[in-house]
Protein chains: 2
Amino acid sequence: MRYRPGHKAEVHQKIVKDASCRVRAEGLNGAGVAAVMRDAGLTHGGFYKHFGNKDALLLESLREAFRDISGKLARAAEQSHTEPPWKAIVKAYLSLEYCDHADRGCPLTTLAPELVRVDKRMRGQIFAELVNYKDRMIPFMPGQQTADKERAFFSIFSTMIGAIEIARMLPEPAMREKVLAIARDFLLHSF
Amino acid sequence: MRYRPGHKAEVHQKIVKDASCRVRAEGLNGAGVAAVMRDAGLTHGGFYKHFGNKDALLLESLREAFRDISGKLARAAEQSHTEPPWKAIVKAYLSLEYCDHADRGCPLTTLAPELVRVDKRMRGQIFAELVNYKDRMIPFMPGQQTADKERAFFSIFSTMIGAIEIARMLPEPAMREKVLAIARDFLLHSF
DNA sequence: TCCGTAGGATGACCATCATCATCCTACGGA
DNA sequence: TCCGTAGGATGATGATGGTCATCCTACGGA
């Protein structure tokens, strides 16, 4: 073989990671085949040696995005010893950092409305990722019983997603930070 | 002239209304020139007799969408005599009706992430629409001073937008209604 | 009656994009 | 040394979509 073993897997992972950023930064069809391959230093033609079709890449890059953000949030929650884990998650999620760098943040804040419109086959897979995300966050949520935690999850994440989306529409950092702060205060005093 | 006076204005309005539904239902590039003109019973060629370019239509259809939803919400608020107006708004916004018919609902729930990515020129115009929307809703918000009402606006609308987006990703009506109910209860007991 | 014109239709152009057939190349095994 | 092949490159194809030049048509005014 021309390349050492494992090389293809590495390239594959690089493509997926790049695509997961692109898709979060520019939307579902910001991750065109040519653009994604260029990011990886390749040309568009080799794409189909790695993926059956574009949807396959889309699904993998979404999975990567969910894995990425849920990992980051879980880490923030676990490293917080002075306050409840859910508060650490709220503070991390509603930071200017994630607001201004969509490509590192939660895919729901950039893609939720678009994900509703993909074809049914893939919507099932995406739904599974969402359930996964929720299950990964539930242990950190406030409340005693699982039902309480689940209610908290939906309330908290709804607010955070909406707040980030509104903030991103505002032209000045100070305005964005203000909206984020309002949502943070609202949530932190609500449970 | 071939048509009675006012005919062109009527057709123009019809195109804009159709586009405002299409854009909410299928995203910014679901409102292609050909599709929008077909909706109006015309062919794609006549488009440029009505609009300078596609962005002009986009802007007009967004304006129409904001006008549409803020009118509906204001009406709901004003017709509510047994409860505070903001509660009527929350119940209307978080109804299965608007959840399942994106084309009649708030453009932010379908378009917010996409609007962040349009070119800078138009982003300014869109920001103005957002401010307009807020100013139209502020009088109905809970709180004494304007600052309180503004904080309430951002908290309430963040939660509502996020809740609708999450609900729309769920495959079954019962699941969607559950998420909407959670967000409703959360908001209605928060102010 | 007939001409000018507004509103719309036809058709073409160009760009972008997903997809894929085909070609190229350099390494490992024989 | 040399051949088979995996990984990637080139380039073509068809679809879609925005844009616009040009054509068509029927009404109002003279």
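Sequence lines set the chain letters: A, B, ... in the order given, protein chains first and strands last, and positions in each chain run from 1.
- Checking Ser20(A) against Ser61(A) by side-chain atom types alone, no donor-acceptor pair falls below 3.5 Å.
- The nearest whole Å value for the distance from the CG atom in Leu28(A) to the C1' atom in dA18(C) is 15 Å.
- Listed by first and then second residue, the side chain to side chain donor-acceptor pair (under 3.5 Å) pairs involving residues 69-89 of chain A are Asp68(A)-Lys72(A), Ser70(A)-Arg136(A), Glu83(A)-Lys91(A) (not counting sequence neighbours).
- Remark: nothing in residues 113-121 of chain A comes within less than 4.0 Å of DNA chain D through any heavy atom.
- Partners of Phe47(B) according to the ring pair (Phe, Tyr, Trp, His ring centres under 6.0 Å) rule, which considers only residues two or more places apart in sequence or in another chain, are Phe51(B).
- Side chain of Lys14(A) to backbone of Ala40(A): no donor-acceptor contact under 3.5 angstrom is found.
- Residues Arg151(A) and Ser155(A) bring no donor and acceptor atom of their side chains to less than 3.5 Å of each other.
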Its dot-bracket string being built from Watson-Crick and G-U pairs below 3.5 Å, with | for another strand and [ ] for crossing, DNA chain C has the pattern ||||||||||||||||||||||||||||||
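- Here side chain to side chain donor-acceptor pair (under 3.5 Å) pairs that include residues 171-186 of chain A, with residues two or more places apart or in two chains, are Asp100(A)-Arg176(A), Glu177(A)-Arg184(A), Lys178(A)-Glu150(B).
- Among pairs with a residue in residues 105-117 of chain A, those fulfilling side chain to side chain donor-acceptor pair (under 3.5 Å) read Thr109(A)-Arg168(A), Glu114(A)-Arg117(B), Arg117(A)-Glu114(B), at least two apart in sequence or across chains.
- A salt bridge is defined here as a Lys NZ or Arg NE, NH1 or NH2 lying under 4.0 Å from an Asp or Glu carboxylate O, and Glu60(B) with Arg63(B) fails to meet this definition.
- Listed by first and then second residue, the side chain to side chain donor-acceptor pair (under 3.5 Å) pairs involving residues 45-57 of chain B amount to none (not counting sequence neighbours).
- For Arg123(A), the salt bridge (charged side-chain N to carboxylate O under 4.0 Å, His left out) test picks out no residue, with sequence neighbours left out.
- Against DNA chain D, the stretch residues 36-44 of chain A makes heavy-atom approaches under 4.0 Å through Leu42(A), Thr43(A), His44(A).
- Partners of Tyr133(A) under the ring pair (Phe, Tyr, Trp, His ring centres under 6.0 Å) rule, at least two apart in sequence or in another chain, are Phe66(A), Phe157(A).
- Contacts between residues 46-65 of chain A and DNA chain C, defined by a heavy-atom separation under 4.0 Å, are made by Tyr48(A), Asn53(A), Lys54(A).
- Residues passing the salt bridge (charged side-chain N to carboxylate O under 4.0 Å, His left out) test with Arg104(B) are Glu97(B), sequence neighbours excluded.
- Atom NE2 in His12(A) sits about 16 Å away from atom C1' in dG8(D), given to the nearest Å.
- Of all heavy-atom pairs spanning Ala163(A) and Leu180(A), the tightest one is O-CD2, 4.4 Å.
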